[in-house]
Amino acid sequence: MMKIKKITLLLLFLLTAIIGKAQEIETILLAKEDAVKLTNGYLKPAFKGLIYSMSNGWYHTAKVHKKFGFDITIGANGSFIPTKDELFDVAHLNLSDKTTILSSNTNSPTVAGSENEIPARLRYTRTIDGREVSADFDLPKGIKEDLPLSIIPAPAVQIGVGLPFKLDAIIRYAPKVGTDDVKGGLFGIGFKKEITDWLGPLDKTPLHIALLAAYSNMEVIYTIDDASTGAVLTDNATTEFNLNTYTFKAIASLNFPIVNVFGGVGYVGGNSRLEMLGRYTLIYDTETTGTIVEETVIDPLALKQNVGGINATLGLRFNIGFFKIFGRCSFQEYTTINGGIAFSFR
């Protein structure tokens, strides 16, 4: 259990670099009705990368266990962010006429972009209590330098157990752990049904064929520090992130004593939801007198992202008795790699 908790903490540490940007994203709230479009443009690659990472890595063979046989697998998934998704064009977001782009360059880094890229600067103008007010703000910088090889990672620990009728149950689980600032946990369940014997004499060969269906869920709560200065004041504010992924695949493997070759074709996808909750006070300047006007909003942002597509996987596993070492590459919108070790019995 301690190893599972440590891996969960590692995952939370990596996610903190992403959703922790909420401490900077909060300035986008000044754009009111345009805040969702701007935040989505900035965070979209991270959402997509996490969904593709979490939906992969469910298998390293099509062969199922004997009844009550089991394996423990420790691995890591990572989705490569394409270069084209390191920037987004603010001018193409169909923003309202209340938002003006002040910078000469309309491209701004996404969360996967470089911190050396200069973000777009915007002005939002509106009317509060009959007074015309405005706020100027910069979009957040990227965190590419904090992401090794521009990969959105997702470590995973899972246990597979052999059931009757040539069926494996696969469980991913980590209890809710974390620090005072960030807490989270994950759960996933999958089923692998071997169908080799449906195909006649193939069950006498090294070839194994199976069907796989899996689902996983991850929840993370990030606490935003209370702020009493700046353009956005916060009180009892949090960011809540929820991720659901699903996988449906036909898989096959050639199982030899030392080396296994495995692969699969199917559909992977999922959805994510990010909510900024709590009390936020937005600070605007009046156009004529320069005095400050405040507006308080509660739970100001809810963001959803859906991702899905065809997936093809090819991998290799080395067998040293009950000890296994594996790696694979999955091809989809964001190419995903996976590697790890497993202890397999029966």
Within a radius of less than 6.0 Å around [atom1] of [X], do more than 12 heavy atoms belonging to other residues, nucleotides or ligands occur?
X    : atom1 : result
I298 : CD1   : yes
F322 : CZ    : no
I128 : CD1   : yes
N236 : CG    : no

ask   = Is E33 salt-bridged to K98, going by a charged N under 4.0 Å from an acidic O?
value = yes
request  = Answer with yes or no after comparing the ring centroid distance for Y334 and F80 against a 6.0 Å cut-off, counting only values under it.
outcome  = no
task = Assert yes or no for the condition that the ring centre distance of Y267 to F248 is strictly below 6.0 Å.
result = no
Any non-hydrogen side-chain atom of [X] less than 4.5 Å from a side-chain atom of [Y]?
X    : Y    : answer
F326 : T61  : no
D168 : Y59  : no
H60  : N260 : no
I170 : L212 : yes
L43  : F241 : no
K141 : E117 : no
T99  : L93  : no
H92  : T106 : no

So, [X] side chain and [Y] main chain: donor-acceptor pair closer than 3.5 Å or not?
X    : Y    : result
T39  : V36  : no
Q305 : F47  : no
S344 : D71  : no
S103 : R121 : yes
S53  : S79  : yes
Y246 : A213 : no
S108 : A120 : yes
T196 : I209 : yes
K324 : G321 : yes
Q158 : W58  : yes

Spacing of [X] atom [atom1] and [Y] atom [atom2] [to the nearest 0.5 Å]:
X    : Y    : atom1 : atom2 : answer
N306 : N244 : CG    : CG    : 10.0 Å
S216 : M54  : OG    : CE    : 4.0 Å
N217 : F187 : CG    : CZ    : 9.0 Å
L274 : E240 : CG    : CD    : 9.5 Å
I51  : M218 : CD1   : CE    : 9.5 Å
I251 : I195 : CD1   : CD1   : 9.5 Å

task = Determine, stepwise, if the pair H208 / F262 fulfils side-chain contact (heavy atoms from CB on, under 4.5 Å).
result = CA-CA 9 Å; H208 295 264; F262 64 92; over 6 Å; no
Closest non-hydrogen atom pair between [X] and [Y], with its separation:
X    : Y    : answer
N77  : N56  : ND2-O, 3.1 Å
A112 : K144 : O-CB, 3.3 Å
I224 : Y280 : CD1-OH, 3.6 Å
N255 : S253 : OD1-OG, 2.6 Å
P45  : D85  : CG-O, 3.3 Å
S272 : L243 : CB-CD1, 3.8 Å

request  = Look at the rings of Y284 and Y124 and say which category their plane angle falls in: under 30° parallel, 30 to 60° tilted, over 60° perpendicular.
outcome  = tilted
message = Over 60° means perpendicular and under 30° means parallel, so tell me whether F323 and F343 are parallel, tilted or perpendicular.
response = tilted
inquiry  = Could you walk me through whether T313 and N311 satisfy the side-chain hydrogen bond (donor to acceptor under 3.5 Å, both in side chains) test, starting with their C-alpha distance in whole Å, then the side-chain angles of each, then the deciding distance to 0.1 Å, before giving a yes or no?
reply    = CA-CA 7 Å; T313 297; N311 164 287; 3.1 Å; yes
Cluster check [X], [Y]: I/L/V/M/F/W/Y, side chain < 4.5 angstrom:
X    : Y    : value
I101 : L139 : yes
L167 : I171 : yes
L87  : L95  : no
L199 : L207 : yes
V307 : Y215 : no

query = Can V161 and H65 be said to form a side-chain contact (heavy atoms from CB on, under 4.5 Å), step by step?
reply = CA-CA 7 Å; V161 179; H65 290 287; over 6 Å; no
message = Does W198 form a side-chain contact (heavy atoms from CB on, under 4.5 Å) with K166? I'd like the steps, not just the answer.
response = CA-CA 11 Å; W198 295 5; K166 291 194 173 182; over 6 Å; no
query = Could you go step by step and tell me if N242 and R273 meet the side-chain hydrogen bond (donor to acceptor under 3.5 Å, both in side chains) rule?
reply = CA-CA 5 Å; N242 185 279; R273 181 178 179 87; over 6 Å; no
inquiry  = Is there a side-chain hydrogen bond (donor to acceptor under 3.5 Å, both in side chains) between S96 and D34? Walk through the geometry before answering.
reply    = CA-CA 7 Å; S96 71; D34 289 330; 2.7 Å; yes
key: From CA spacing to verdict: side-chain contact (heavy atoms from CB on, under 4.5 Å), I118, N105   = CA-CA 9 Å; I118 299 175; N105 186 3; over 6 Å; no
